[in-house]
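See below for the structure under consideration.
Residue numbers start from 1 in every chain, and the chains themselves are labelled A, B, ... in the order their sequence lines are given, proteins ahead of strands.
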Amino acid sequence: MSKVFKPSPISGFPEYLPEIRRVEQQWIDHIRAVFESYGFCNIETPAVEEVDVLMAKGETDKEIYCLNRLQADPDDNSDARLALHFDQTVPLARYTAQHFNDLVFPFKRYQIQKVWRGERPQVGRMREFYQCDIDVIAVDNLPLHFDAEMPAVIYEALMGLNIGKVQIKISNRRILIGLLESLGIEDVISTTRIIDKLDKIGVDGVTAGLKDEIGLTDAQIASVLALSTIKTRSAAEVKDKLSALNVENEAFQQGVDELCFVLDYLSSMPEDAMLADLSIVRGLDYYTGTVYETNLLEIPEFTSSVCSGGRYDDLASSYINKKLPGVGISIGLTRLFSVLLEHGYIKAAPRSPADILMAIPSEEKRGLAQETAQALRKRGFKVELYHAPQKIKKQLSYAEKKSIPFVWFPPFEDGQSHEVKNMDGGEQIATTVESFTK
RNA sequence: GCGGCUGUAGCUCAGUGGUAGAGCCCUCGGUUGUGGUCCGAGUUGUCGCGGGUUCAAGUCCCGUCAGUCGCCCCA
């Protein structure tokens with residue numbers, strides 16, 4: 001006997017049993033339907049991009065998986081270096097630049113594909129996962145209304161998944177950047193990184209970090225905290241609290257105006273569904289204005305965002321000599337799904353999509369069973385034909401295991417009628433192909 | 001990439017130096033053409049891998065690989 005290679009799950013590369021995968025597929029169907037209902041059209045880009053494309057923005061910390069052939073000659077440099085994409089925004093930028101003349105702007109597209117990151121897996125963090133992106137890209141100018149449309153679309157998409165309450169948190173990077181500029185703080189990246197952790201490490205942790213790591217003065221820290229602790233859904237409150245800081249800075253003022261516009265636009269969203277949270281800044285460098293994060297209110301111990309995004313003034317300048325501002329947001333489908341699954345919020349679907357299992361009473365009746373199954377399919381039922389004229393007990397047990405709700409018996413003898421058994425209650429009645437209903 | 005914990009049946013795990021176990025799952029049976037419950041029988045293992053200590057190692061020691069949690073970062 002040949003030695004078996006014992007399979008084991010690959011960490012960070014999730015796979016599910018059919019009854020769970022069906023739920024994931026239903027989610028994808030729903031999200032897609034919502035995206036399309038707002039006029040977003042779909043594209044699919046290759047799993048790989050050229051390394052130069054992925055690295056154009058200097059994203060070196062993304063743990064990119066490179067692609068090379070097992071049999072490749074190490075000295076052969078004839079192939080372009082390819083790597084798996086780590087998000088869908090960079091491929092979108094490349095796509096938009098490449099097909100610029102054939103696209104209609106503002107270009108509204110959605111993309112539901114897998115992305116790959118070679119990071120260490122943890123709860124809610126995979127190495128292969130689905131992202132469901134929507135983005136709008138315009139030429140030169142992109143109206144702010146789109147910044148407000150993003151959360152509205154996402155909220156509708158998430159609500160249809162029956163995952164309880166979610167909260168979309170909104171901020172605008174210009175406000176903090178403007179403040180830091182006016183305070184003369186130079187190490188913007190490290191500073192924003194610390195502020196971004198406010199929810200996790202608290203005011204004391206942020207204070208300590210800003211003091212010890214960046215060397216900010218108490219007065220600077222006070223200003224930064226006064227800004228970043230603002231949490232409200234009221235545009236007026238944002239305006240009041242921020243003007244109290246007396247910041248003379250153009251970017252700051254623009255950011256405040258933009259954020260207030262978005263908040264006003266979304267003011268009809270349900271309580272808790274939306275919140276301005278000025279501690280949200282996002283690590284990604286290419287966001288320049290509005291930024292979003294989304295938390296699951298049902299699972300407070302899971303604090304990471306399940307849906308994030310933002311506005312970028314100029315994403316495609318590495319690939320085309322035009323200014324293409326955009327705004328986008330992405331549902332971290334695999335994260336969302338795996339975390340909810342882990343916490344017992346996802347109910348497995350039936351193991352089989354079939355409505356009816358067509359029993360085979362005997363070899364002589366196989367043809368009849370086949371014809372009956374086909375006739376029922378024509379009426380819109382999903383019908384699985386059992387594979388052999390085995391004991392009825394086995395055929396029923398099979399239907400039971402696959403959660404197929406009905407078992408259909410063609411007549412055992414000529415002249416008898418068809419019968420259908422409801423597996424839930426167990427009752428069995430005479431029926432016909434034309435009259436059967438679930 | 002750095003630190004803590006864990007590797008025993010398909011799954012969840014017990015086994016603290018002396019013959020490899022339990023529950024679940026799975027297969028078969030409990031008589032004519034009817035599932036679930038119940039009853040009975042059965043299959044399943046290089047104890048992650050390599051070395052060491054010992055009369056004897058799943059158990060102790062060293063290494064290694066994998067998993068997992070935290071850090072970094074992120075959907």
Side-chain angles (χ1 to χ4, degrees), chain A residues 1 3-4 6-14 17 31 59-64 85-89 111-133 154 158 189-190 192-194 196-197 200-201 209 213 280-285 287 291-296 302-310 328-339 342 357 359-362 365 386 389-413 416 419-429:
Chain A
M1 196 171 107
K3 189 177 176 178
V4 297
K6 190 180 172 183
S8 59
I10 303 172
S11 175
F13 290 77
L17 291 170
I31 290 167
E59 297 287 349
T60 49
D61 58 343
K62 279 289 193 301
E63 297 291 349
I64 297 171
H85 55 228
F86 54 81
D87 74 3
Q88 294 179 136
T89 309
Q111 213 167 331
I112 300 176
Q113 288 182 236
K114 282 181 169 174
V115 306
W116 294 267
R117 293 181 195 173
E119 297 169 20
R120 252 203 132 79
Q122 278 175 37
V123 173
R125 181 210 275 176
M126 304 294 174
R127 295 196 284 188
E128 173 179 76
F129 56 98
Y130 279 110
Q131 284 194 167
C132 312
D133 281 33
I154 287 303
L158 293 179
I189 292 180
S190 305
T192 53
R193 192 162 286 168
I194 292 171
D196 199 45
K197 284 194 249 180
K200 205 171 178 182
I201 62 179
E213 288 174 45
I280 305 293
V281 280
R282 315 252 352 111
L284 288 169
D285 300 340
Y287 292 128
V291 285
Y292 316 100
E293 283 195 1
T294 310
N295 292 115
L296 297 174
F302 186 77
T303 54
S304 302
S305 173
V306 294
C307 177
S308 309
I329 189 164
S330 172
I331 299 175
L333 181 74
T334 304
R335 165 174 287 182
L336 186 65
F337 192 77
S338 63
V339 167
E342 191 80 16
L357 179 73
I360 301 190
S362 61
K365 298 290 175 189
Y386 196 74
Q390 292 173 329
K391 287 184 178 177
I392 297 308
K393 192 183 177 109
K394 282 200 84 162
Q395 303 196 40
L396 282 168
S397 165
Y398 179 82
E400 161 71 20
K401 278 188 226 166
K402 291 187 78 172
S403 316
I404 300 173
F406 294 96
V407 176
W408 188 290
F409 295 102
F412 284 77
E413 307 294 340
Q416 295 178 330
E419 292 186 4
V420 66
K421 182 183 180 80
N422 183 333
M423 295 298 284
D424 191 22
E427 74 278 24
Q428 185 168 330
I429 54 169

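The side-chain contact (heavy atoms from CB on, under 4.5 Å) search around A/Gln416 returns A/Pro411, A/Phe412, A/Glu413, not counting sequence neighbours. Checked against side-chain contact (heavy atoms from CB on, under 4.5 Å), A/Ser190 has the following partners two or more places apart in sequence or in another chain: A/Asp187, A/Ile214. Residues passing the side-chain contact (heavy atoms from CB on, under 4.5 Å) test with A/Ser330, sequence neighbours excluded: A/Gln131, A/Asp133. Residues passing the ring-ring contact (aromatic ring centres under 6.0 Å, His included) test with A/Phe302: none are found, sequence neighbours excluded. For A/Lys197, the salt bridge (Lys or Arg N to Asp or Glu O under 4.0 Å) test picks out no residue, with sequence neighbours left out. Scored by the ring-ring contact (aromatic ring centres under 6.0 Å, His included) test, A/Phe337 finds A/Tyr16, A/Trp27 as partners (sequence neighbours excluded). For A/Ala399, the side-chain contact (heavy atoms from CB on, under 4.5 Å) partners are A/Leu357, A/Ile404, A/Val407, A/Met423, not counting sequence neighbours. Applying the ring-ring contact (aromatic ring centres under 6.0 Å, His included) rule to A/Phe129 yields no partners; only residues at least two apart in sequence or on another chain are considered.
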Would you list the protein and nucleotides 32-39 of chain B atom pairs, both N or O, that sit under 3.5 Å from each other?
residue, atom, partner, partner atom, Å
B/rU34, O2, A/Lys421, NZ, 3.1
B/rU34, O2, A/Gln428, OE1, 3.2
B/rU34, N3, A/Gln428, OE1, 2.7
B/rU34, N3, A/Gln428, NE2, 3.4
B/rU34, O4, A/Gln428, NE2, 2.8
B/rG35, N1, A/Met423, O, 2.6
B/rG35, N2, A/Glu400, OE1, 2.5
B/rG35, N2, A/Met423, O, 2.7
B/rG35, N3, A/Glu400, OE1, 3.3
B/rG36, N2, A/Asp424, O, 3.3

Could you run down the sub-3.5 Å N/O contacts of the protein with nucleotides 6-8 of chain B?
none

Set out, line by line, the N/O atom pairs under 3.5 Å between protein and nucleotides 68-72 of chain B.
residue, atom, partner, partner atom, Å
B/rU68, OP2, A/Ser11, OG, 2.5
B/rU68, O4, A/Arg120, NH2, 3.0
B/rG70, OP2, A/Gln122, OE1, 3.4
B/rC72, OP1, A/Lys197, NZ, 2.8
B/rC72, N4, A/Arg125, NH1, 3.3
B/rC72, N4, A/Arg125, NH2, 2.4

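Residue-level contact check: A/Cys132 touches neither bases nor backbone, having no heavy atom under 4.0 Å from any strand. Contact annotation for A/Gly124: base contact, defined as any heavy-atom pair under 4.0 Å involving a base atom. Residue contacts shown for A/Ser330 are absent, as no nucleic acid heavy atom lies under 4.0 Å away.
Within the structure, the salt bridge (charged side-chain N to carboxylate O under 4.0 Å, His left out) test picks out the following pairs touching residues 121-131 of chain A (sequence neighbours left out): A/Lys114-A/Glu128, A/Glu119-A/Arg125.
Whole-Å rounding puts the A/Phe86 CZ to B/rC73 P distance at 17 Å.
Ring-plane geometry between A/Tyr398 and A/Tyr386 is classed as perpendicular, the angle between the planes exceeding 60 degrees on a 0 to 90 degree scale with a lower cut at 30.
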